Peer 1: 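Sending over a structure as structure tokens; questions will come in a sec.
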There are 2 protein chains.
Amino acid sequence: MRSYGQACALAKALDVVGDRWTLLIVRELLIRGPCRYTDLQDGLPGIATNLLGGRLRELQEAGIVRREDAPPPIAATLFGLTPRGEALEPVLKELGRWGAPLLAGSARGDALRAHWLALPLRFYLTDGRPRLPPATLELRAGGEAISVEVGGGTVRTRLGSAPNPDAIVTGDPRLILALLAGKLSLAKARASGVKYAGDTSVLRRVRPSTADGRTTRKRRPASRSRAPVAG
Amino acid sequence: MRSYGQACALAKALDVVGDRWTLLIVRELLIRGPCRYTDLQDGLPGIATNLLGGRLRELQEAGIVRREDAPPPIAATLFGLTPRGEALEPVLKELGRWGAPLLAGSARGDALRAHWLALPLRFYLTDGRPRLPPATLELRAGGEAISVEVGGGTVRTRLGSAPNPDAIVTGDPRLILALLAGKLSLAKARASGVKYAGDTSVLRRVRPSTADGRTTRKRRPASRSRAPVAG
DNA sequence: CAGCATCCGCTTTGATACTG
DNA sequence: CAGTATCAAAGCGGATGCTG
């Protein structure tokens with residue numbers, strides 16, 4: 001928590017969240033909502049446990065993290081973001097947008113957690129058919145599941161399986177992201193090993209909310225059944 | 001330059017710009033445009049010279065900083081941002097916005113450079129009277145001068161004196177910022193030692209571009225002469 | 001003087017082990 | 001599960017020296 005000692009808003013912000021691992025801890029809490037210490041460890045591969053403990057304490061003192069004891073049935077401590085912590089979301093959004101091109105140069109040894117998809121999906125996708133009834137997409141990768149709910153003009157994400165998804169996508173997280181962002185056609189994604197089962201209209205429904213990630217749809221491909229697939 | 005080793009856009013971004021001092025170096029380059037090594041040192045009080053040199057090299061390798069030899073008359077190396085480096089502006093904007101409330105708790109020993117004002121002014125102010133001819137404001141604090149050009153709906157900032165300003169504001173940088181952002185009335189700013197000479201309509205013309213910083217103008221105060229004041 | 005490189009003491013980080 | 005304790009390694013801050 002060394003300070004830059006500069007009377008500058010940016011420097012003051014970095015005094016609080018500029019330390020190593022800090023913004024990644026906020027990322028995990030934004031994705032997961034209130035969660036346990038071990039969940040954080042799982043989502044932050046490579047962090048030393050003493051560092052995680054220390055950061056959580058500092059973030060709590062800074063009013064960014066809130067510690068709460070879970071409701072009676074469970075005996076666990078939960079860590080969550082305060083409103084002040086949630087206010088960091090635009091920062092992560094812009095930083096992630098800037099860093100997105102760097103993902104291409106990601107090394108083979110890099111850790112990969114499917115739930116990391118949740119943040120870019122929430123940030124950069126939008127519901128291209130706001131009038132249609134809500135639809136649900138389940139993503140599966142690396143033993144994790146993410147539910148993507150599209151409806152009313154917005155896209156929401158949750159960790160875990162969806163009860164009754166309209167489609168299920170399985171495969172490499174990066175390919176799934178590229179597919180949903182419209183940067184990769186379904187045909188090419190399938191050729192690269194992505195499995196798509198269910199209603200493909202959900203796929204066409206999500207759209208990048210910026211003009212950047214242009215969708216490469218030429219002609220509507222043969223649509224599959226609209227019936228939910230088995231969970 | 002240690003990597004988090006995570007295939008996540010945010011982590012990749014922090015691999016590149018997450019090190020200590022890095023984003024503050026980008027801040028200086030955004031404010032100043034291409035400038036010399038010693039200018040950077042002056043704008044980054046507290047940085048060790050070996051760190052600055054090392055960071056500049058790393059940032060150059062990362063494609064964020066560009067090194068150019070100054071035109072013939074001057075014998076100096078200039079450091080500037082590449083387009084990729086300028087793309088960090090939204091990140092600094094959001095981080096600065098988040099950190100702004102922390103400025104209140106700034107310690108007495110904190111370093112203060114008037115040119116740091118340039119970034120928040122550029123980010124958060126707007127021209128409230130786009131149809132009026134352009135106006136210029138000169139800010140003076142701590143031996144530094146900043147020109148603020150208001151016109152055509154936008155606000156631009158430059159370092160250095162303005163040739164023919166419509167008004168000159170002198171005093172504590174934080175008070176000047178609060179005054180321009182409409183969070184401090186001219187009367188209170190003057191009571192705190194801020195000197196305002198020239199046309200006060202320029203002051204009423206700049207407006208925070210967000211709904212956050214509400215201007216506290218009740219009734220139009222007696223306006224001073226529109227003639228430029230002496231530089 | 002501008003633009004570094006080197007050295008040294010200190011702090012932070014990382015890996016592991018251990019505890020209530 | 002939720003941390004604390006320990007210790008080696010890396011990074012940082014400050015001073016200084018070198019090169020045009």
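Atoms considered below: every heavy atom in the structure, side chains included; atoms not considered: hydrogens, waters and symmetry mates. Chain naming here is simple, since letters A, B, ... match the order of the sequence lines and numbering starts at 1 in each. These numbers come from a predicted model, not from an experiment.
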Peer 1: What verdict does the side chain to side chain contact (heavy atoms under 4.5 Å, CB included) test give for B/R27 and B/L119, after you've listed the backbone C-alpha separation in whole Å, the side-chain angles of each residue and the deciding distance to 0.1 Å?
Peer 2: CA-CA 8 Å; B/R27 172 197 72 189; B/L119 223 45; 3.8 Å; yes
Peer 1: Using whole Å, what does the distance between atom P of nucleotide C/dT13 and atom CG of B/D19 come to?
Peer 2: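 In whole Å, C/dT13 P and B/D19 CG are 11 Å from each other.
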Peer 1: Salt bridge or not for B/E138 and B/R140, using N-O below 4.0 Å?
Peer 2: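 Here B/E138 pairs with B/R140 in a salt bridge, since their nearest N and O are under 4.0 Å apart.
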Peer 1: How long is the line joining CG of A/L56 and P of D/dC1, in whole Å?
Peer 2: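 The distance from CG of A/L56 to P of D/dC1 comes to 16 Å, rounded to the nearest Å.
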Peer 1: If I take atom CG from residue A/L179 and atom CG from residue A/L203, how far apart are they, to the nearest 0.5 angstrom?
Peer 2: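 Result: 4.5 Å between the selected atoms.
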Peer 1: Are B/R67 and C/dC4 close enough that a side-chain N or O sits under 4.0 Å from OP1 or OP2?
Peer 2: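 Indeed, a polar side-chain atom of B/R67 lies that close.
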Peer 1: Quick one: A/L14 CG to C/dT12 C1', roughly how many Å, whole number?
Peer 2: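 Interatomic distance, CG of A/L14 to C1' of C/dT12: 17 Å.
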Peer 1: Which pairs, with at least one residue in residues 8-58 of chain B and sequence neighbours excluded, count as a ring-ring contact (aromatic ring centres under 6.0 Å, His included)?
Peer 2: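 Applying ring-ring contact (aromatic ring centres under 6.0 Å, His included) to every pair that reaches into residues 8-58 of chain B, excluding sequence neighbours, yields A/Y4-B/W21.
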Peer 1: Short of 4.0 Å, heavy atom to strand atom, which residues of residues 23-43 of chain A count as contacting DNA chain D?
Peer 2: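 Close to the strand are A/R36, A/Y37, A/T38.
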Peer 1: With the threshold set at under 4.0 Å for non-hydrogen atoms, list the residues of residues 46-54 of chain A touching DNA chain D in residue-number order.
Peer 2: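 Under 4.0 Å from DNA chain D: A/T49, A/N50.
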Peer 1: Taking any heavy-atom pair under 4.0 Å as a contact, classify A/F79: base, sugar-phosphate, or nothing.
Peer 2: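 Sugar-phosphate contact only.
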Peer 1: A/L44 CG to C/dG14 P: how many Å, rounded?
Peer 2: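 The answer, rounded to whole Å, is 12 Å.
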Peer 1: OP1, OP2 of D/dG11 versus side-chain N and O of B/W21: anything below 4.0 Å?
Peer 2: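 Answer is no, no contact under 4.0 Å.
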Peer 1: It should be established whether A/R20 places a side-chain nitrogen or oxygen under 4.0 Å from OP1 or OP2 of nucleotide C/dG14.
Peer 2: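 Yes, such a contact exists.
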Peer 1: Only pairs under 3.5 Å count here: list side-chain donor-acceptor contacts from residues 28-35 of chain A, not counting sequence neighbours, and write none if there are none.
Peer 2:
residue	atom	partner	partner atom	Å
A/E28	OE1	A/R32	NE	2.8
A/E28	OE1	A/H115	NE2	2.9
A/E28	OE2	A/H115	NE2	3.2
A/E28	OE2	A/W116	NE1	2.9
A/R32	NH2	A/D39	O	3.4
A/R32	NH2	A/H115	NE2	3.4

Peer 1: Can you tell me how far the CD1 atom of B/I64 sits from the OG1 atom of B/T22, to the nearest 0.5 Å?
Peer 2: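 Result: 8.0 Å between the selected atoms.
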Peer 1: Mind checking what makes side-chain contact (heavy atoms from CB on, under 4.5 Å) contact with B/K195, not counting sequence neighbours?
Peer 2: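 B/K195: side-chain contact (heavy atoms from CB on, under 4.5 Å) contacts with B/T170.
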Peer 1: Taking salt bridge (Lys or Arg N to Asp or Glu O under 4.0 Å) as the definition, give me every residue that meets it alongside B/R66, ordered by chain and number, with sequence neighbours left out.
Peer 2: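 Salt bridge (Lys or Arg N to Asp or Glu O under 4.0 Å) list for B/R66, sorted by chain: B/E68.
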Peer 1: Please report, rounded to the nearest Å, how far the C1' atom of C/dG14 is from the CD atom of B/Q6.
Peer 2: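 Distance check: B/Q6 CD to C/dG14 C1' gives 15 Å.
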Peer 1: Say whether B/Q60 and B/R55, considering side chains only, have a donor N or O and an acceptor N or O under 3.5 Å apart.
Peer 2: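 Looking only at side-chain atoms, B/R55 and B/Q60 do not form any donor-acceptor pair under 3.5 Å.
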Peer 1: Can you measure A/R57 atom CZ to D/dG3 atom C1' for me and round it to whole angstrom units?
Peer 2: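 Interatomic distance, CZ of A/R57 to C1' of D/dG3: 11 Å.
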